[in-house]
Q: 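My questions will all concern the structure given below.
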Amino acid sequence: SQQGEEDPQALSIQEGENATMNCSYKTSINNLQWYRQNSGRGLVHLILIRSNEREKHSGRLRVTLDTSKKSSSLLITASRAADTASYFCATDGEISSGYALNFGKGTSLLVTP
Amino acid sequence: EAGVVQSPRYKIIEKKQPVAFWCNPISGHNTLYWYRQNLGQGPELLIRYENEEAVDDSQLPKDRFSAERLKGVDSTLKIQPAELGDSAVYLCASSLQGSSYNEQFFGPGTRLTVL
């Protein structure tokens with residue numbers, strides 16, 4: 001079953017604008033990860049934020065985590081056409097599942113020149 | 001360093017036919033995962049291996065799906081017989097170990113179409 005749900009399902013912006021995607025999840029987590037998937041390709045890990053962290057940066061990416069609201073956001077600043085992809089949040093499972101990731105349905109981002 | 005390798009990239013078969021997917025994880029990664037991704041959805045775990053042992057196969061439809069990782073390196077996922085609903089992308093991922101803070105590295109996937 002999929003734990004995370006991304007919002008919006010689809011987002012269209014112009015180059016240079018910022019893109020914000022949100023993720024909500026249901027059960028307690030140890031960490032939350034964001035992945036990117038370009039059309040026809042596998043997923044690429046972007047960033048991991050631990051449950052005791054509130055914000056994390058990596059280049060043009062900024063991730064926040066609010067465990068009280070069970071939500072996370074991914075901000076991509078100064079977007080580029082190459083950022084066009086689907087973005088998934090993934091939460092870790094229970095230790096009994098070997099921490100297999102639970103993915104949401106993803107946000108499809110289109111960045112137009 | 002080579003990433004996770006999967007083959008074939010695409011496969012089209014008729015229903016009731018068998019099909020097999022192959023995965024070679026990143027060298028040294030003990031943990032291997034098979035996920036299935038339906039159109040418009042996120043990946044869902046099918047099976048997880050720690051070395052050669054399948055430690056979580058609770059989501060694997062065992063009546064028609066099977067998997068193996070004989071020497072703790074390469075893995076094969078098989079479907080026999082395939083059904084229309086099996087059309088999806090099958091993703092293989094590996095990580096150094098099954099840690100809560102692991103980063104999983106994904107292969108490009110095999111896109112299966114069952115006619």
Side-chain angles (χ1 to χ4, degrees), chain A residues 1-10 21 23-53 56 58 63 65 85-108, chain B residues 2-10 21 23-26 29-51 53-60 88-111 113:
Chain A
S1 62
Q2 301 195 299
Q3 147 112 289
E5 281 201 20
E6 289 88 346
D7 170 59
Q9 288 189 338
M21 289 158 265
C23 168
S24 59
Y25 57 92
K26 298 174 183 175
T27 61
S28 61
I29 60 172
N30 293 310
N31 66 66
L32 184 144
Q33 303 180 46
W34 285 90
Y35 283 79
R36 181 186 70 218
Q37 185 175 38
N38 292 88
S39 178
R41 294 185 153 185
L43 290 95
V44 174
H45 180 265
L46 294 176
I47 196 166
L48 179 152
I49 186 166
R50 303 186 180 202
S51 59
N52 61 355
E53 297 176 313
K56 201 163 183 179
S58 176
V63 170
L65 179 64
S86 292
Y87 292 82
F88 295 89
C89 69
T91 55
D92 63 318
E94 297 294 326
I95 184 172
S96 60
S97 76
Y99 306 111
L101 296 174
N102 296 306
F103 287 87
K105 294 183 179 181
T107 292
S108 178
Chain B
V4 176
V5 179
Q6 290 188 248
S7 70
R9 290 293 310 277
Y10 305 91
F21 315 123
C23 172
N24 182 252
I26 292 174
H29 281 193
N30 297 327
T31 308
L32 184 147
Y33 307 80
W34 281 103
Y35 290 87
R36 177 170 59 189
Q37 185 176 20
N38 292 313
L39 187 65
Q41 304 288 316
E44 293 185 315
L45 180 73
L46 290 174
I47 189 169
R48 176 178 73 92
Y49 281 92
E50 291 289 347
N51 298 305
E53 183 182 358
V55 294
D56 182 5
D57 62 355
S58 57
Q59 301 303 313
L60 191 71
V89 176
Y90 291 83
L91 295 164
C92 178
S94 70
S95 65
L96 200 55
Q97 60 183 24
S99 159
S100 178
Y101 301 104
N102 61 351
E103 174 184 344
Q104 295 185 21
F105 295 83
F106 284 80
T110 296
R111 182 177 297 275
T113 301

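Computed over heavy atoms, backbone and side chain alike; hydrogens, waters and symmetry mates excluded. Letters A, B, ... mirror the listed sequences (proteins, then strands); counts begin at 1.
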Q: When you measure from the side chain of A:Tyr35 to the backbone N and O of B:Gln104, does any donor-acceptor pair fall under 3.5 Å?
A: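 Yes, the answer is positive, given that a donor and an acceptor are paired below the 3.5 Å cut-off.
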Q: Roughly how far, to the nearest 0.5 Å, is OG of A:Ser86 from CD of B:Gln37?
A: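 Output value for this atom pair is 8.0 Å.
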Q: What part of A:Glu6 lies closer than 4.5 angstrom to a heavy atom of chain B: side chain, backbone, both or neither?
A: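 A:Glu6 has no heavy atom closer than 4.5 Å to chain B.
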Q: Provide the closest heavy-atom pair for B:Pro43 versus A:Leu43 in the form atom of the first, atom of the second, distance.
A: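 Heavy-atom minimum between the residues: CG-CD1, 3.8 Å.
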Q: Decide whether B:Glu103 and A:Gln33 meet the rule of one side-chain donor and one side-chain acceptor closer than 3.5 Å.
A: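 B:Glu103 vs A:Gln33: no donor-acceptor pair found between side chains.
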Q: Within a radius of less than 6.0 Å around CD of A:Gln9, do more than 12 heavy atoms belonging to other residues, nucleotides or ligands occur?
A: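 Result for CD/A:Gln9: open.
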Q: Can you tell me how far apart CG (B:Leu91) and CD (A:Gln37) are? Round to the nearest 0.5 Å.
A: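 Output value for this atom pair is 6.5 Å.
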Q: Sub-3.5 Å donor-acceptor pair from the side chain of B:Tyr33 to the main-chain atoms of A:Leu101, do we have one?
A: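 Looks like no, no N/O pair under 3.5 Å.
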